[in-house]
Structure formats: C-alpha cells, structure tokens
Protein chains: 2
Amino acid sequence: MATIVDVAKHCGVSTATVSMVLRDKGRISDKTRQRVLQAIDELGYVYNQTAANLRNQHSNQIGLLLNDITNPFYSEMTAGLSQEMEDNDLMLFLANSEDAVARQKKFIESLLSQKAGGLVLCPAKGTDQKFLATLKRRQLPVILAVRDIEGTDYDYVGTDNFYGGQLVTQHLLDLGHRHIAFIGGDKASKNRASRMGGYMSKLIEHNITPQLGWMATCPATRNGGAAAMETLLKHHPEVTAVVCYHDIVAFGAIRTLRQHQLEPGKDIAITGFDDVPEAADTYPALTTISVSAREIGRRAGEALLERIRGNTEPQKRIIIPPKLVIRQSCGYTDPNDNG
Amino acid sequence: MATIVDVAKHCGVSTATVSMVLRDKGRISDKTRQRVLQAIDELGYVYNQTAANLRNQHSNQIGLLLNDITNPFYSEMTAGLSQEMEDNDLMLFLANSEDAVARQKKFIESLLSQKAGGLVLCPAKGTDQKFLATLKRRQLPVILAVRDIEGTDYDYVGTDNFYGGQLVTQHLLDLGHRHIAFIGGDKASKNRASRMGGYMSKLIEHNITPQLGWMATCPATRNGGAAAMETLLKHHPEVTAVVCYHDIVAFGAIRTLRQHQLEPGKDIAITGFDDVPEAADTYPALTTISVSAREIGRRAGEALLERIRGNTEPQKRIIIPPKLVIRQSCGYTDPNDNG
DNA sequence: CTGAAAGCGCTTACAG
DNA sequence: CTGAAAGCGCTTACAG
C-alpha cells in the first residue's frame, strides 16, 4: 500500500507538497501538482483518513442518534441529513437508541473516542441537562433535533408542536366536533405536552372543558395507538373526533376503528401529526400536520456544519412551521350527523 | 486530554500495560489492573480510537449502503443490522446511494480511506462485477444484501424472490383469478425478474398465457405504482388481480384504484411483497409476502462479522424463505363474482 | 513555492 | 508479568 512518502519519492517532492495537493491547500505550482497527481495515479495511492484523523485530532465523521429509525418520520429525516452530509464529504454514523439512555450514552462515548466532528441528537427519553453539560465540556458540537431539552444552549431544529396541536384541533372544531379526544405519546414527552397544550387551548377557546378521560397516553407505536383507541371507545363513546399524537399512533387507532366496523372520517374523525408518506395513501387518507422531516434533517445538518466550522453565535432555534394537511380522515360533511 | 502515557506515568507502569488492560489482552496481574483502572478514572482518560485505527490498519467501523432508506423495508433492515453492530461494538456508517453508482463509488472510497472493517451492500442499479472485483482486491469484506450480483463470490443474504412470486400468484389462482397482471419495478432489476418469473411459471402451470400487456415496469415508488395502475386500468380492464413488485408500489396502485372508485379486495385483488409494517394497517390490509427485513439485516451483520474475523470459507448464500401473509386485499369471496 | 522533521496516541514484537 | 521503543501515515510550523 503506497503512502504519501512513496508518492513524494516517486516524483521527487516532499511529503508536505503531496499532502497539500491532496487537500488543495497552500500554493503549489501547477507543474508540481500535475506531477504529484500523476504519481498518485501511477502508484494507486489511497489517502489514509485514519492517519489524518489522528493527526488532526478530529475526524470527518458525524453521528446521528435516533430513537426509532423504523418510524418513517425519522427515515425521512435521516435521508435529509444524509444528503447534506454527503454534499460536504462527511460520513454519517447512525445509531438507534430505542429511547434507552444507556444506549445513547454508549454511542456518544464511541463518537467521542472516534473524535467525531459532531452529533445530531434526537435525545432519548430521560436525557438530562447534566448529561448534555458533560458533552459540552468535551467540546463536541451538538444539534438537537425533533426533541428539545430545556436548559441547554445547543441549537435546536424542530417544529412548533403547540401550534400544530392548535391547527388540527381548530380544524376539528370547525367541522363541528365538540367531544374531541387526544391519544398517544409518552407522559414525559415534551412534544406531546406541547401538542396537547395546543389542543387544550383550542378547547378552552371554544368553551369546552377538557376531560381527563379524553386524554390517554400510550407507546408511540401502531399497537399503542390501537390499544388506546380500544379503551377510548369503551369508556368514552361520546367522543366524535380524536387527535392522535402522531401518524403512526393514528394508523394503529384506525385499525381498531375498523375492527369495530367504525369508518374513520364518517363515524369518527381522526387526525395525525408528521405527515409521513403513508398518510397520503391510507384509506381514508389521513388529515395531519405536515412537519417536513426531510427539511428538519437538512437544516440540522446545516446548523451542525456551521458549528463545526467554528461559528460561535449564541444558541439558534430553528422552528419549521407546521402546516395542516386536510385529507379525508375527518370527512367532508357535518360531523353532527354521526355523533 | 490525558493519553495512555499519562495514565502509565500516573501509576508507574508502561504504556504497554495500560494498553493491555484497556483491551483485556495479555496477562496482567489483578493488582496492576486495578491501579491502571483507578488512574484512568482519576485522569478522566478517554481512549483515542483514531490512534488505534491508524496503528491497527483497520477501524471498528463498517458501512451500510442503501438505495432508499425511506422505504420501510430498508429501515427495518437497518434496525436489524444496527442492533447486531451495536452488540459487537462496531460503528455503522450509513449512506443512501439512491441507486446512483457514482454515489455508491464515492461512499465505498470513503470507507476504504477510513479503513472500514467491512460493508453491507445493497448494490445500486448498474453495479457491475468489475467494480466488485476491484473491491475484492482491496480486501474489504463485503456482504451483499437484498440484491444479488452474478459472478461475484461475496456472501449474499436475501430471500427467494422466485418462490415468493409463485406463492402470491398461486394464491390468486386459488381464488379463481385468471387475468393477473404484474406491475412495478425496474426493467433491469434482478429481483423483479425473479418475482415475475415465479408469477409467469404459475400462470403457465395453469395453462394461462402470460400477456405482455399485463406486465408493466415502473419506478418502485408510491407514485410509480399509482401511474402503472392507471395505465393498466385503461388498457386492460379484463384484469381482475394484480401482483405488485413490492408493498410500496401496491400502496400507490391502491391509491389509483380508490380514485376510480374501485375497492381493492372486492373489485380487484392486489398483492404486495416485503410485508412492511404499514401493510397490516392499510384498508383493506395488504396480502403480501413476508420477507423479514429485520432478519436480513441481522444475518448480514452476522455474516460480515464472521468475515471480519477471518473466516475464509467459500461463498455463503443465506436465503430467508418468504412466507405468504393472507390479509384482505384479495378478498374472501370468489373473485369471479366481480370479474 | 518547497523541504526536513516533529508529533498525533495508540499497539506490538522483543527483551527481560 | 512488565518495560522500552519503533512505527502506523498523515499535517503543519518552521526555515529557506
């Protein structure tokens, strides 16, 4: 395996020169550059990034930690980030925390040990500021994505969950619904709290008292949504519409509806959050909040790049405005006809 | 930042000793080990993997190249592989080729430059043996996943596409269908050819002449499926059932069906391939071929680990048997009633 | 515009 | 069971 030394010898220059043409740095005469390039070609030289990493004290690698890559929302986000990284010759380390802080910690320690250049973090449930503070000390640039953490000064890229919750609830109210439930999500989830906050604020605005029984937590999965809908149906038959924590929960809830021969959009209105690709293709297609996961990934990548390049501006919070996407899962007609 | 040298000095041993306790190698007396561990703790020493990578001439990093991480099939596979990697303290590089050989090449070159330990490759469309042969020379362990390439001796993990195509076609034939179409997938796709081969073999077995007009290629996306179904409906109204290249194509096709007020499973039978999570939650739920993407990811990881550890057995081909999953998209009743 | 040389932080072969 | 030292292949500060 040829090294930079071989290349240098082969064309009678120093290794410094070779290194410089390799990275387009410093002033090298065109003639020398050509000679070096040719030697590289002739020797089949391959740049050894591991040596550069050691010498540079940092690598061209960045991490992405997700809770659940299996959720299409995160796949889309990953695609957006991956694109951004590729365009900048950075390599992307991927790991799935599955919402376990222990896994998260392990991954981040590997990152540190690899001298990774940065991290896009969708923090696992239960991540505390203290943990982030230790990260801070280690000088690793971090961008928080999707899930915010209070009391940190890392940049954050996400959406306005409160407003999204309002948007979807207002839509249901406009359609005439008065008995509106909210299901799904973890009790400790801040995003859930915000979405539910938006939901409740709209109920109040319309003089409807939020009922505790209308609000149920559940794992943010298809099965979680299905189970939550099951108990909701049993105990609160008065409900005519349900706001789901996100699309995946909604899909599970719809499954339960169908098992009860209830038609979403006709017998009961249902909404999601995220606007995952599948949402447009279910039957009826899901009315939901579009959050542009891909855009979140892209913007997180951009923000991370800036930090890696040494930008030390104060904390930035990039909030991508949510949009209501009206499809068929809330029907077209006056819901009072059915409820 | 403390190094191994600092640790060694701090407890009066050599760096060799520290290195050895760090990696649980060689014989170190328990007393020495304890002293070293304590020094590490006291100094807040962090192992520098980049130095180890340079010294070892290879890293603890492996690559995963996908065509489309946005397809839930690949997300599931990624989750399976990621799990396997984590269990073995390997880091996973992810990249999306989007079926462009140029991107694929670039990623693999980065991997080589990083001295990655191996690669799980879902080759991009148009990958030729020649390219794989050069990889071979570079000594990078590679496992092919999902898409096979002829004329290479790399291990392969995938499913039996031909048999899967047969399974689904036989099901449709059993239900009484005689005019069965096959839509979706790229003309050059080997997997598509195999699935379609299975489909045709079953038609022939039942004395049905496969019609060219019943078989349409299309991009393997939702929109591709939707468009293909559109033209099929227009030109071949005699068709009562359609085998889709995979689930995502089927979801797009179903969208078109709905737009024409056609009910899948009643007016027309439709099947998928992959058994993506969504398939169980669409309405009607999709009859499809289960391929266990997660298992493919896991097995690919296992196979790669073996190769990394120096196993030089001849090429291994791991074929995970496909299973027919009957749901509602082909109906329950005699399809002749409708067609 | 180019060269000589130190050093990044490990691991391992060798000696004891 | 442990130590001294070479070397992995780069990059950069310095000198010219």
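Keep in mind that what you see is a predicted model, and the values were worked out from it rather than measured. Order of the sequence lines fixes the chain letters, A, B, ..., with proteins taken first and strands second; residue numbering starts at 1 for each chain.
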* What base-paired stems does DNA chain D take part in, with at least 3 consecutive Watson-Crick or G-U wobble pairs and both distances under 3.5 Å? ->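 As far as DNA chain D goes, consecutive pairing (with distances under 3.5 Å) yields the stems C:1-3 with D:14-16, C:5-12 with D:5-12, C:14-16 with D:1-3.
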
* Quick one: Asp30(A) CG to dT2(C) P, roughly how many Å, whole number? ->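 After rounding, the reported distance stands at 10 Å.
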
* How many Å lie between NZ on Lys9(A) and P on dG3(C), as a whole number? ->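 After rounding, the gap between these two atoms is 14 Å.
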
* Sticking with atom P, work out how far dG9(D) lies from dA13(D), rounded to a whole angstrom. =>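 So the two P atoms sit 23 Å from each other.
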
* **Same-atom distance (C1') from dG16(D) to dT12(D), integer angstrom** =>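 My reading of the C1' atoms in dG16(D) and dT12(D) gives 16 Å.
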
* Structure fact -> In B/S/- notation (B base, S sugar-phosphate only, - none; protein heavy atoms under 4.0 Å), nucleotides 9-14 of chain D written 5' to 3' is BBBB--

* **Side-chain heavy atoms of Glu98(A) within contact of Gln83(B), under 4.5 Å** =>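 Glu98(A) vs Gln83(B): side chains touch.
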
[X]-[Y] side chain donor-acceptor pair, cut-off 3.5 Å:
{"X": "Asn67(A)", "Y": "Tyr74(A)", "value": "yes"}
{"X": "Ser14(B)", "Y": "Thr17(B)", "value": "yes"}
{"X": "Asn60(B)", "Y": "Gln114(A)", "value": "yes"}

* salt bridge (Lys or Arg N to Asp or Glu O under 4.0 Å) evaluation trace for Arg298(A) with Glu295(A) -> CA-CA 5 Å; Arg298(A) 249 205 50 241; Glu295(A) 179 75 3; 2.9 Å; yes

* Near-strand residues of residues 36-43 of chain A, defined as heavy-atom separation under 4.0 angstrom from DNA chain C ->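 Contacts with DNA chain C under 4.0 Å: none.
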
* Pairs satisfying ring pair (Phe, Tyr, Trp, His ring centres under 6.0 Å), at least one member in residues 96-141 of chain A, at least two apart ->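 Qualifying pairs, neighbours excluded: none.
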
* Asked: Which pairs with one or both residues in residues 1-25 of chain A pass salt bridge (charged side-chain N to carboxylate O under 4.0 Å, His left out), sequence neighbours excluded?
  ->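 Matches after skipping sequence neighbours: Asp24(A)-Arg33(A).
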
* Give every residue pair that meets the side-chain hydrogen bond (donor to acceptor under 3.5 Å, both in side chains) criterion with at least one member in residues 118-132 of chain B, sequence neighbours excluded. =>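 Found Gln104(B)-Thr127(B), Lys125(B)-Asp186(B).
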
* Give a yes or no answer on whether the side chain of Tyr156(A) reaches the backbone of Gln315(A) with a donor-acceptor pair at less than 3.5 Å. =>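 The answer is no, because no donor-acceptor pair under 3.5 Å joins these two groups.
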
* **Asn56(B) (side chain) donor-acceptor with His58(B) (main chain) under 3.5 angstrom** =>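 Side chain of Asn56(B) to backbone of His58(B): no pair is present.
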
* **Name of the residue among Arg317(A), Lys316(A), Arg307(A), Arg299(A) meeting salt bridge (charged side-chain N to carboxylate O under 4.0 Å, His left out) with Asp155(A)** =>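 That would be Arg307(A); it is the only one of Arg317(A), Lys316(A), Arg307(A), Arg299(A) passing the salt bridge (charged side-chain N to carboxylate O under 4.0 Å, His left out) with Asp155(A).
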
* Asked: Can you tell me if the side-chain N/O atoms of Thr32(A) get under 4.0 Å from OP1 or OP2 in dC1(C)?
  ->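 Checking dC1(C) against Thr32(A), no side-chain N or O comes under 4.0 Å of OP1 or OP2.
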
